[in-house]
Undergrad: 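Dumping the structure here so I can ask a few things about it.
Just so you know, these numbers come straight off a predicted model, no measurement behind them. Excluded from the calculations below are hydrogen atoms, water molecules and symmetry mates; all remaining heavy atoms, backbone and side chain alike, are included.
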Amino acid sequence: MDPEEAVTDAIQQFESQGVDLSNIVKAVRTSTGENEGEPTHPILQTLETLKKSVDSEDLSEIGDNLISFSEECRQGLAHRCLAADKNAYPVVLAAWKLSPADRDFTLKALCALSSLTDGQPDLLEPVGQKMLLSTLTENAHDAELALVGIRLVRHVSLRHENNRQSLVKAGILPLLTGALVQHITEADVVREAASALRIMTFDDDIRVPFGHAHDHAKMIVTENNGLKVIIDAAKVFMDNPSVLSELCATLARLVVRNEFCQEVVDLGGLNFMVALLADCIDHKELVKQVLSGIKAVAGNDDVKDAIVNTGGTDLVILAMNRHLSSPQICEQGCAALCMLALRKPENCRVIMEGGGALAALQAMKMHPRELAVQKQACMLIRNLVSRTQDFAQPILEMGAEALIIQAETTHRDCGDVAKAALRDLGCKVELRELWTGQKGSLTQ
C-alpha cells in the first residue's frame with residue numbers, strides 16, 4: 001500500500017472494532033527533509049514556531065503565530081490533543097504573560113487558549129484562571145474581548161466540575177450576568193454568556209460524585225438577578241431564534257426552586273414563552289427549548305394553572321403535531337404536558353380535549369426506538385388517568401395498551417413507568433416482588 005491507502009485501511013480497521021479515533025490525527029506522516037526528529041504535523045510545526053518567537057519575545061511575530069496556532073487548533077480535536085500533549089498550554093500562557101496590557105495581543109492569546117481548550121478543560125490551571133478573570137473584569141466594556149473570554153470560560157467549564165466550582169468562587173457569575181447586561185445588543189456575546197451560565201448548572205463530570213449544579217443555579221438567580229437578566233435579553237432578540245434558543249435553554253436550567261418558577265411568571269417570562277411558541281412554531285430548535293422552559297416552570301402548581309389559562313397547553317400540543325418527526329420535540333412536549341397534568345385533574349381534561357393523549361401516542365408510534373420519548377409518553381398517560389379514571393377507556397381505544405407494552409418490551413429502562421401506566425389504565429400487569437425483607441437470594 002502507499003501511505004494514503006495504509007492510513008485509510010487502518011482507520012477502517014479501527015472503526016470496525018468500535019475504536020474512537022476522534023482524538024487521533026489521521027494523516028500521513030511526512031518528512032521535513034532536514035531532521036527526522038523535527039515535528040512533522042502542521043500543528044506541531046506551528047507550535048514550534050510559536051515557542052521560538054516566545055523565547056525571543058518578539059511580540060509582533062508572537063501575535064501572528066498565535067493566530068496561526070488558533071487556526072490549526074480549529075481543525076479538530078485530534079489536532080488540539082496532539083498540541084496539548086506537546087505542552088502547548090504553557091507556551092500560549094507564556095505568550096500571553098509577555099504583554100497582558102496590550103488589548104489586541106490579549107485578544108489573540110485568548111483566542112489561542114480558547115481554541116486549544118475546546119474539549120480539553122483539564123488544561124486550565126490557577127495562573128491561567130487568574131489571568132482570565134482579571135482580563136474579563138478589566139475589559140468588561142469590550143464586547144470582542146468579552147466574547148472570546150467567555151468562550152474560554154465555557155470550554156474549561158464543560159464536563160469539569162472542579163473548574164466550575166473554582167471559577168464560581170473566583171467571581172465568574174457576576175461577570176457573566178454583567179456581560180449580558182453590558183452587551184445586551186450584541187447577539188454573539190449574549191449567546192455565549194447564556195451558554196456559559198447554563199454550563200455552570202451542569203452536573204456532567206463523571207469523575208465527581210456530587211456537583212454544585214443546584215447551588216450555582218440558586219446563586220445565579222438570587223445573587224445575580226439571573227432570571228430578569230435573561231428575560232430582558234430575550235426581549236431584545238425577538239427576531240433571532242438562535243439567541244432565543246440559548247436564553248430559553250438557560251432559563252430552564254435556573255428554575256430549580258418553586259419560588260423561581262413564580263418569579264418567571266411575575267417577570268413576564270411565561271407570557272413571553274407562550275407568545276414565542278405561537279410566533280416561532282416553525283423553528284425546531286427554538287420550539288424544543290421553549291417546551292423545555294415551559295416544563296421547568298410548570299414545577300410550580302400555581303404556574304401550571306397559569307400556563308393552561310394562557311393557552312399554553314394547546315400550543316404545546318400544536319408544536320408536537322407540527323414536529324412529530326422530531327424526537328426531541330416529542331420528548332419535551334410530552335414532558336411539558338406530563339408536568340401540567342401532575343396532580344391537576346382539570347388540566348388533564350384540557351389536555352385530553354386538546355388531543356394531548358393522541359399526540360403522545362402518535363409520538364410513540366413515530367419513535368419506537370427513542371427511550372426518552374417512550375418514557376415521557378408513558379408518564380403522561382399515567383398522569384392523565386391516575387386521578388381521572390374516566391379518561392382510561394378513551395385512551396385505550398386509541399391503542400395505548402399495545403404501544404405501552406411495546407415500549408416496555410423494547411426498552412428495559414421503560415419498565416417501571418410502562419407498568420405504572422398500564423396499571424392505572426386498568427390493564428393486566430405482572431408485578432413481581434423482588435424482595436420481601438427476608439434472608440435469601442434476591443433472584444427467583
Undergrad: Under 3.5 Å, which donor-acceptor pairs link side chains of residues 243-250 to any protein atom two or more places apart or in another chain?
TA:
| residue | atom | partner | partner atom | Å |
| --- | --- | --- | --- | --- |
| S245 | OG | P241 | O | 2.8 |
| S245 | OG | L286 | N | 3.4 |
| E246 | OE1 | R198 | NH1 | 3.0 |
| E246 | OE1 | R198 | NH2 | 2.8 |
| T250 | OG1 | A194 | O | 2.8 |
| T250 | OG1 | R198 | NH1 | 3.0 |
| T250 | OG1 | E246 | O | 2.9 |

Undergrad: Going from CE on M200 to CZ on F202, what distance comes out if it is rounded to the nearest 0.5 angstrom?
TA: 10.5 Å

Undergrad: Looking at R253, H214, H216, which one forms a side-chain hydrogen bond (donor to acceptor under 3.5 Å, both in side chains) with T201?
TA: R253

Undergrad: Who pairs with K375 by side chain to side chain contact (heavy atoms under 4.5 Å, CB included), at least two apart in sequence or on another chain?
TA: L371, C414, V417

Undergrad: Are V153 and I199 close enough that some pair of their side-chain heavy atoms sits under 4.5 Å apart?
TA: no

Undergrad: For R103, does the CZ atom have more than 12 heavy-atom neighbours from other residues, nucleotides or ligands under 6.0 Å away?
TA: yes

Undergrad: More than 12 heavy atoms of other residues, nucleotides or ligands under 6.0 Å from NZ of K108: yes or no?
TA: yes

Undergrad: Report all side-chain donor-acceptor pairs from residues 116-123 shorter than 3.5 Å, counting only partners two or more places apart or in another chain.
TA:
| residue | atom | partner | partner atom | Å |
| --- | --- | --- | --- | --- |
| T117 | OG1 | L113 | O | 2.8 |
| T117 | OG1 | S114 | O | 3.4 |
| Q120 | NE2 | R80 | O | 3.1 |
| Q120 | NE2 | L116 | O | 2.9 |
| D122 | OD1 | H160 | NE2 | 2.7 |
| D122 | OD1 | R207 | NH1 | 3.2 |
| D122 | OD2 | R207 | NH1 | 3.2 |

Undergrad: Which atom pairs, donor and acceptor, lie under 3.5 Å between side-chain atoms of residues 82-98 and protein residues at least two apart or in another chain?
TA:
| residue | atom | partner | partner atom | Å |
| --- | --- | --- | --- | --- |
| Y89 | OH | E125 | OE2 | 2.6 |

Undergrad: Does K284 have any salt bridge (charged side-chain N to carboxylate O under 4.0 Å, His left out) partners at least two apart in sequence or in another chain, and if so, which?
TA: none

Undergrad: Residues two or more places apart in sequence or in another chain: which of them pass salt bridge (charged side-chain N to carboxylate O under 4.0 Å, His left out) with E353?
TA: R349

Undergrad: Counting neighbours of CG on D416 that are heavy atoms of other residues, nucleotides or ligands and sit closer than 6.0 Å, is the number greater than 12?
TA: no

Undergrad: With a 4.5 Å cut-off on side-chain heavy atoms, are L167 and Q129 touching?
TA: yes

Undergrad: Return the set of residues passing salt bridge (charged side-chain N to carboxylate O under 4.0 Å, His left out) with E161 (not counting sequence neighbours), or none when no residue passes.
TA: R164

Undergrad: CZ/F69 to OG1/T46 distance, rounded to the nearest 0.5 angstrom?
TA: 8.0 Å

Undergrad: Who pairs with K218 by side chain to side chain donor-acceptor pair (under 3.5 Å), at least two apart in sequence or on another chain?
TA: none

Undergrad: For A420, what residues pass the side chain to side chain contact (heavy atoms under 4.5 Å, CB included) criterion, not counting sequence neighbours?
TA: R382, R423

Undergrad: Applying salt bridge (charged side-chain N to carboxylate O under 4.0 Å, His left out), name anything that partners R151, two or more places apart in sequence or on another chain.
TA: E192

Undergrad: Would you compute the distance between atom NZ of K295 and atom CD1 of I307 and round it to the nearest 0.5 angstrom?
TA: 12.5 Å

Undergrad: List for me each residue that meets side chain to side chain contact (heavy atoms under 4.5 Å, CB included) alongside S242, sequence neighbours excluded, and say none if there are none.
TA: R191, N240

Undergrad: Show which side-chain atoms of residues 270-282 pair as donor or acceptor with protein atoms under 3.5 Å away, not counting sequence neighbours.
TA:
| residue | atom | partner | partner atom | Å |
| --- | --- | --- | --- | --- |
| D282 | OD1 | R322 | NH1 | 2.6 |

Undergrad: Ignoring hydrogens and angles, state whether a donor on the side chain of Q262 or D266 is under 3.5 Å from an acceptor on the partner side chain.
TA: yes

